[in-house]
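To find a chain, count down the sequence lines: A is the first, B the second, and so on, and within it residues start at 1. Because the structure is predicted, anything quoted here is derived from the model rather than measured.
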Amino acid sequence: MAGTQAMTVRTRFAPSPTGLLHIGGARTALFNYLFARHHGGQFLLRIEDTDRERSTQEATQVILDGLAWLGLETDQPPVFQSTRQARHAEVAQQMLAAGRAYRCFLTSAELDRMREQAKAEGRGLRIESPWRDRDLAEAPQGAPSVIRLRAPREGETVVHDLVQGDVRVANAELDDMIILRSDGTPTYLHAVVVDDHDMGITHVIRGDDHLTNTFRQVQVYEAMGWKPPLFGHVPLIHGADGAKLSKRHGAQSVTEFRTMGYLPEALCNYLLRLGWGHGDTEIFSRAEAISLFDIDAVGRAASRMDYAKLAHVNGVWLRAADDDRLAREVLERLAHRPGLALGTQAAHRIRVLIPHLKERAKTLVELTDSASFLAHPLPLPMEPKAAAQLSAENRLMLREVAAALAETDFSPAGVDTALRSYAERTGRKLGTVAQPLRAALTGSTVSPGIDAVLVALGRDEALARIEAAAA
RNA sequence: GACCCCUUCGUCUAGUGGUUAGGACACCAGCCUUUCACGCUGGUAACACGGGUUCGAGCCCCGUAGGGGUCGCCA
């Protein structure tokens with residue numbers, strides 16, 4: 001164990017490119033990233049693309065884009081597992097030469113039969129290959145063979161898990177796993193070990209669906225005389241109904257969350273709190289997360305997605321977000337909507353009103369919805385409730401309001417004073433003036449403060465809208 | 001089925017033998033207010049069950065139940 005203290009932490013995120021970055025994978029990546037940063041170590045990425053049929057360049061790009069969007073930058077270019085097959089085979093040969101592995105000529109038909117029998121007898125589905133102890137000379141000539149690990153039969157294998165504690169299993173429960181297929185390619189369990197070792201990974205943080213497979217991986221480390229890394233198996237994220245996340249749970253890829261208008265810092269914050277806590281604190285910046293996160297505070301139970309809470313956290317970060325950035329996001333989203341006049345004027349109005357808009361939105365989609373009226377050319381579409389505000393009587397009033405407003409400098413204080421004095425002068429409550437005005441200006445009954453809306457629209461546009469509504 | 005893991009309000013969690021079991025989201029009531037939000041105040045709501053150990057257990061041990069995961073020449 002000498003040198004343990006000096007050893008720099010090195011973690012990795014190792015997704016297989018299936019076409020999306022799963023929300024659970026995103027959290028695993030986040031934990032790996034935070035753990036590495038917290039300990040001043042390195043965070044690496046390995047694309048597990050050994051299944052060539054399912055792996056594509058586009059799928060890999062989705063993962064890269066997702067990580068970049070989340071702000072989880074790696075310290076080295078990604079390692080592609082498919083490029084390392086020669087090395088995987090080499091290690092398997094070493095194990096074979098050392099007697100820690102053996103060639104097995106069992107056919108898949110024989111394997112099926114053994115499994116069925118085991119099932120019928122109520123035993124675990126453990127394969128015991130006769131070739132473990134059989135003379136190679138008895139092997140059928142030219143028949144395909146795989147290489148199996150010669151796993152210990154006695155004793156037990158223990159994983160000192162950073163999250164789950166010591167987990168042990170009797171070696172009699174574990175069968176001799178295949179490390180090299182008959183076509184010479186490595187199996188996942190074998191490739192992972194070789195790659196993690198070669199990459200100098202010190203801490204393997206991953207979903208706890210890998211926990212029981214870890215025993216076999218540990219056996220490979222032992223067979224090679226390699227020091228295994230430390231493992232930390234974090235619980236999985238379940239859907240809102242408690243079941244394993246699947247298609248029917250709706251949003252589950254990072255890309256989808258992005259289009260639904262969640263901010264990356266909010267998604268990270270939410271994911272961080274799913275399975276990890278630090279006292280009563282709920283909101284964590286990236287810097288705070290790095291300084292406070294550690295693997296030992298990760299919980300052991302699976303957690304469920306709670307979209308309401310995600311929305312709340314997103315609202316918090318939205319309000320804290322930079323106004324220029326939000327205006328840019330809104331403009332981009334507005335560009336995909338028909339019937340809008342998206343010129344510099346609209347851009348300016350949006351930028352001016354953003355500070356008020358963001359106070360009442362939880363997602364970028366909501367923010368965009370609430371800003372769209374600013375880019376609408378006349379005539380403004382009217383929501384039914386807004387139209388109801390424009391009674392004959394109120395239209396008359398709006399003419400007077402327009403006249404009063406025209407006298408002002410269209411500053412926030414200016415319009416506010418004008419509206420208040422108009423209300424006072426005519427014996428009305430401010431609300432009875434503001435609501436019809438809001439309808440005229442926005443086509444809605446909901447908006448930021450009416451003075452802010454007036455200022456954002458500017459004199460000409462505001463008066464034109466009132467004029468149109470009062471006609 | 002075998003093996004492994006898990007179990008505090010509806011949800012996410014704090015809690016490491018002595019607490020009125022805390023916070024957040026959601027929900028309800030009220031305040032603020034030019035609408036809606038934000039914000040503020042208050043409220044409903046949890047230690048899965050059964051045995052131990054202990055003066056004392058949400059915290060330790062053992063069962064039970066429930067949930068999850070793994071058992072591929074997939075990753």
Side-chain angles (χ1 to χ4, degrees), chain A residues 14-18 48-51 53-55 81 104 106 108 111 115 118-127 144-148 159 161 163-165 167-170 173-175 177-183 185-189 191-192 207-215 233 235-236 238 240 242-244 270 273-283 299-313 315-316 319 356-362 366 370 385 389 416 419-420 423 429-435 437-439 442 444-451:
Chain A
S16 54
T18 57
E48 311 230 310
D49 58 346
T50 48
D51 187 348
E53 288 176 19
R54 289 197 311 192
S55 304
Q81 191 162 63
C104 169
L106 241 27
S108 51
L111 286 172
R115 288 200 183 93
K119 201 167 183 177
E121 292 172 13
R123 290 186 285 110
L125 306 178
R126 216 174 67 86
I127 298 300
S145 68
V146 301
I147 297 182
R148 283 184 188 273
V159 175
D161 197 272
V163 174
Q164 309 290 344
V167 184
R168 55 190 70 225
V169 70
E173 298 290 339
L174 273 16
D175 57 12
M177 70 155 176
I178 294 171
I179 56 178
L180 212 64
R181 301 184 185 107
S182 50
D183 66 359
T185 60
T187 57
Y188 164 76
L189 254 16
V192 165
D208 83 12
D209 49 338
H210 290 282
L211 182 57
T212 51
N213 283 153
T214 305
F215 297 119
H233 288 92
L236 301 176
H238 289 160
K244 192 180 179 182
Y270 174 75
R273 285 288 291 107
L274 218 48
W276 179 85
H278 184 264
D280 287 343
T281 311
E282 296 286 346
I283 301 300
R300 293 188 289 182
S303 43
R304 304 183 184 201
M305 275 300 292
D306 182 349
Y307 289 91
K309 179 131 187 192
L310 205 212
H312 172 263
V313 172
V316 171
R319 274 171 258 138
H356 303 274
L357 255 14
K358 74 179 182 182
E359 291 295 323
R360 54 211 85 210
K362 284 193 161 64
E366 286 179 20
S370 72
K385 277 190 199 164
Q389 287 290 331
D416 183 64
L419 290 178
R420 283 180 193 281
K429 287 178 68 178
L430 195 50
T432 64
V433 178
Q435 222 25 22
L437 185 53
R438 171 170 287 113
T442 70
S444 167
T445 54
V446 177
S447 83
I450 203 68
D451 43 355

Looking across every strand, which nucleic acid part, if any, lies under 4.0 Å from [X] by heavy atom: base, sugar-phosphate, or nothing?
X	value
A:Pro448	base
A:Asp451	base
A:Val146	base
A:Lys362	sugar-phosphate
A:Gly275	sugar-phosphate
A:Gln164	sugar-phosphate
A:Leu106	base
A:Leu310	nothing
A:Ile450	base
A:Ser303	sugar-phosphate
A:Asp416	base

field: Donor-acceptor under 3.5 Å (A:Gln164 side chain, A:His233 main chain)
entry: yes
Paired to B:G63 by Watson-Crick or G-U wobble criteria (both distances under 3.5 Å) is B:C49
Mark yes or no for a side-chain to base donor-acceptor pair under 3.5 Å between [X] and [N], with no hydrogen or angle criteria applied.
X	N	value
A:Arg300	B:U7	no
A:Ser182	B:C73	yes
A:Asp208	B:G69	no

Whole-Å distance, A:Leu236 CG to B:U70 P, equals 8 Å
To the nearest angstrom, the OH-C1' distance between A:Tyr270 and B:C12 comes to 7 Å
Which of B:C36, B:G69, B:U34 is nearest the side chain of A:Arg360? It is B:C36
Query - Pairwise side-chain contact, A:Leu419 with A:Leu437, heavy-atom cut-off 4.5 Å (strictly under) - result: yes
